[in-house]
There are 2 protein chains.
Amino acid sequence: MRIKDIAKLAGVSPATVSRVMNNNGYVKEEKREAVLKVIKEVDYQPNPIAQSLKNQKSHMLGVIVPKISTETASRVVAGVTEVAKVHGYQVLIANTDLDIEEEINYLKFLSNKSVDGIIMMGTEVTDRHLAVMDKLAVPIVILGQEVKGYTSIIHNDYDASFSMTEYLIKQHHREIAFIGVDEKDEAVGVVRKKAYLDCLNKYAVKVDSKLMAIGDFDIDTGYQMMQQILTHKTPTAVFAVTDHLAIGAIHALLDAGLRVPDDVSVVGIGDIKLAAYLNPPLTTVHYTFKTSGKMAAEAVFELMEDDTKQGKRFMTTFELKTRASVKAI
Amino acid sequence: MRIKDIAKLAGVSPATVSRVMNNNGYVKEEKREAVLKVIKEVDYQPNPIAQSLKNQKSHMLGVIVPKISTETASRVVAGVTEVAKVHGYQVLIANTDLDIEEEINYLKFLSNKSVDGIIMMGTEVTDRHLAVMDKLAVPIVILGQEVKGYTSIIHNDYDASFSMTEYLIKQHHREIAFIGVDEKDEAVGVVRKKAYLDCLNKYAVKVDSKLMAIGDFDIDTGYQMMQQILTHKTPTAVFAVTDHLAIGAIHALLDAGLRVPDDVSVVGIGDIKLAAYLNPPLTTVHYTFKTSGKMAAEAVFELMEDDTKQGKRFMTTFELKTRASVKAI
DNA sequence: TTGTACGCGTTATCAA
DNA sequence: TTGATAACGCGTACAA
């Protein structure tokens, strides 16, 4: 069913049908009703693609995620879709599976008016990303990393990580192992580690490189890194930069015959849905990922209206969730 | 940049540029190179919307999910995007938040050539859904529920649930509590319960309605339903129809001073990522949600080529994951 | 082997 | 208040 068919059925011109559909321009009440009647009868829905071509608006938002099957990603996407829906927008998912080439390809593809705005969940933002982003035809918001000149939604990784370390120190822990990730991920790999180190220094706690391990984001990696640390020394507490790594660490500790938290305390960051239901319930930092998604979407819509507002920096809040996985000494 | 601009820059007609882009028709090697050179220089990307309008193909797949921020949904979406990518397709997410009106609206909207195919993760499929689905302009595949006349990817809920119950019985459990969900969800609410009851009957285990509770999908609901059952009687095992419900149940049991699995065994269905890392590790049924997503996408692509292949019924496999949350009597 | 011209379905401009 | 008509950017039949 095209607008032309509706026009024929209602005995008017396509232009009149369009006016009725979009509620603009004058149209006699009589004809309006005739058109509406036909529209209802045949359940006419305009072709969104033709509308997009004509209006130069696709009413779609693109979201580039590094890995869709993670809780973080799905919470972000949930937030984005929620705001998008309010604006009558659809959400296009581009899953890159951590492939930088894919990320750049999607940036190019999604631009060119295929979507009206892009939200990129960043891990590593390289110069090549920037080169492409500079030429983008549509507004973009980066989520999870800070990028100069671009609106970014960042999680307060520094303060969160610092607070968490400080919390452990205030529970009188002095041998705090660190399980981190590669520095390619600026927010998680660099910032969280820096905050940990800064905090140790502030409280004059000696940094012991034997208590530190760096790997990827997998639960199993957390397990292995914990094992590796244990070969050197048994800490009184473990600070893992994500909840998954913390879970892996806990299992390594248990398998080594240690009790959590009685022998070793463990904390993570992220507050995944099950963190409170683990055994022991995990002390962690709650990040408002869904809210981040909403903020990112709102920022994109703002940029769509006024692209001079680029470069804003939003910092989301966090909350320390103290649960049973930590025991004071 | 439009095709016309490229043509001008390369000193040819738009038609020639199009021929080069799509590798069809004759074009002299010399001109081809000139065109390719310009395309590379200006990094020309054709407008996907104009292409869609012309080709009557959007190269997009729509996925209707009841709740994007669940692990099931994200695993399904991961599978769909993976297959979509192979076919050069994008994935449009429609998150309905369990709202039936939204589901129907999206079905209508996504049709009309906005997408070339639809995958619907079903919960309840009402007559109104069917009325809309019958008129759909694009192929659709239902995932998670069986719908007559439509290609469906179903998880073998009956056998999975039966096997799980049977497993508990073979561990000599006779007082097996059941924590289920409302019958609106055919697969989870009806089929899994029926299999549980059938299995009890087969082994001549008495059904005790006091040991059964029905609620929604939340962890907390699992907690409350377990508490409710405990007011009547303490079973030797608990069969929860999802892992989340099982987790809630475990916590209710622990809070009631019971040990898992020493006093009460607990099982779930779904095998969420953390199931193996819970304490105790959860005995559950592994469903291949990502594979389901892939199958659904492949089925949609098949239907796009040949829509007479409608009505196929794919059953995914499952695997019993026996872990420490069950103890034989 | 190449270019011109039309149409995909819509909206907006202009003239009536 | 209405209707023809011209775009939007692309692909392709047809003519050259």
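Lettering follows sequence order; numbering is per chain, from 1.
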Charged N to carboxylate O under 4.0 angstrom, [X] versus [Y]?
{"X": "Lys294(B)", "Y": "Glu82(B)", "answer": "yes"}
{"X": "Lys37(B)", "Y": "Glu33(B)", "answer": "no"}
{"X": "Asp5(A)", "Y": "Lys8(A)", "answer": "no"}
{"X": "Lys108(B)", "Y": "Glu103(B)", "answer": "no"}

Pairs meeting criterion ring-ring contact (aromatic ring centres under 6.0 Å, His included) with involvement of residues 40-84 of chain A, two or more places apart: His59(A)-Tyr89(A)

Among residues two or more places apart or on two chains, list those pairs meeting ring-ring contact (aromatic ring centres under 6.0 Å, His included) that have a residue in residues 121-141 of chain A. none

Assign the ring pair Tyr287(A) / His155(A) to parallel, tilted or perpendicular, where the plane angle (0 to 90°) is split at 30° and 60°. tilted

Figure out the NZ/P separation between Lys8(B) and dG3(C), and round it to whole Å. 14 Å

Criterion side chain to side chain contact (heavy atoms under 4.5 Å, CB included) against Val63(A), the qualifying member of Val91(A), Asn95(A), Leu110(A), Val115(A): Val91(A)

It should be established whether Thr16(B) places a side-chain nitrogen or oxygen under 4.0 Å from OP1 or OP2 of nucleotide dT1(C). no

Return the set of residues passing salt bridge (Lys or Arg N to Asp or Glu O under 4.0 Å) with Glu30(A) (not counting sequence neighbours), or none when no residue passes. none

Give, for atom CZ of Arg128(A) and atom CD of Glu101(A), the distance between the pair rounded to the nearest 0.5 Å. 4.5 Å

Span of DNA chain D in contact with chain B (heavy atoms, under 4.0 Å): dG9(D) to dT12(D)

Over its full length, what angle do the end axes of the helix from dT1(C)-dA16(D) to dA16(C)-dT1(D) make, each axis taken from five pairs and the result rounded to 10 degrees? 50°

Using a 4.0 Å heavy-atom cut-off to protein, can you give one letter per nucleotide of nucleotides 7-16 of chain C, 5' to 3': B if the base is in contact, S if only the sugar-phosphate is, - if neither? BBBBBB----

